[in-house]
Structure formats: C-alpha cells, structure tokens
Amino acid sequence: MEMQQRVKTIAILGVDGDNYEVGGVYVGEERKPSWYTLTKSDDRSVRFEKLDAFPSHEQIREMIH
C-alpha cells in the first residue's frame with residue numbers, strides 16, 4: 001500500500017536578498033514532516049529535496065554558494 005505524501009509551506013526565509021520557501025513533506029497521517037524541501041520563491045529555480053532538518057539561514061547560504 002502506497003502512503004500519500006503532501007507538501008505544506010512552513011516558512012519563507014530571506015537570505016542575502018532572495019526569498020526561499022521551506023516546505024515540509026508529510027507522509028500519511030504524520031503530524032511532523034518526514035523531510036524538508038527548499039525552493040527559491042521568485043523563479044522556483046533552486047530546489048533541494050529531502051533535507052533531514054529545517055534549514056538555517058547559514059545552511060541555505062552554504063547550499064546555494
């Protein structure tokens with residue numbers, strides 16, 4: 001049986017003049033996200049999947065540079 005996944009926007013973080021959307025991926029009926037995604041808000045271009053923890057501003061800087 002396949003578990004349903006849903007993505008919910010948790011936060012919009014401003015880092016170095018750009019905004020990034022942090023989404024939580026929820027599997028089944030879980031109340032806590034199983035992992036997180038990161039997407040650049042204005043053009044949806046930068047995307048990181050399956051982050052184990054909610055990213056900090058510093059972690060986002062490291063990932064995009």
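Counting begins at 1 with the first residue of the sequence.
Taking CG of D18 as the reference point, atom CD1 of I64 lies at 6.5 Å (rounded to 0.5 Å). Note that CG of L13 and CD1 of I60 are 4.5 Å apart. Values are rounded to the nearest 0.5 Å.
Among residue pairs with one or both ends in residues 5-15, those qualifying as side chain to side chain donor-acceptor pair (under 3.5 Å) are T9-E21; sequence neighbours excluded. Sorted by first and then second residue, the pairs that involve residues 36-65 and meet ring-ring contact (aromatic ring centres under 6.0 Å, His included), not counting sequence neighbours, are Y36-F54.
Put simply, the residue from T39, L38, D42 that forms a side-chain contact (heavy atoms from CB on, under 4.5 Å) with Y20 is L38.
Residues passing the side-chain hydrogen bond (donor to acceptor under 3.5 Å, both in side chains) test with R47, sequence neighbours excluded: E49. In terms of the side chain to side chain contact (heavy atoms under 4.5 Å, CB included) criterion, residue partners of E58 (sequence neighbours excluded) are, by chain and number, S56, R61, E62. By the side chain to side chain contact (heavy atoms under 4.5 Å, CB included) test, R31 pairs with no residue at all, sequence neighbours left out. Qualifying side-chain hydrogen bond (donor to acceptor under 3.5 Å, both in side chains) partners for S41, counting only residues two or more places apart in sequence or in other chains: none. In this structure D43 satisfies the side chain to side chain contact (heavy atoms under 4.5 Å, CB included) test together with K40, S45, sequence neighbours excluded.
Membership of an apolar cluster is not assigned to I12, as no side-chain contact below 4.5 Å to another ILVMFWY residue is traced.
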Could you list the donor-acceptor pairs under 3.5 angstrom formed between side-chain atoms of residues 23-30 and any protein atom two or more places apart in sequence or on another chain?
from: E30; atom 1: OE1; to: S34; atom 2: OG; distance (Å): 2.9

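Between P33 and I10, the shortest heavy-atom distance links the atoms CG-CD1, 4.0 Å.
When the shell of 6.0 Å around CG of D52 is examined, it contains 12 or fewer heavy atoms from other residues, nucleotides or ligands.
Hydrophobic clustering of Ile, Leu, Val, Met, Phe, Trp and Tyr side chains at less than 4.5 Å, counting indirect connections, unites L51 with V22.
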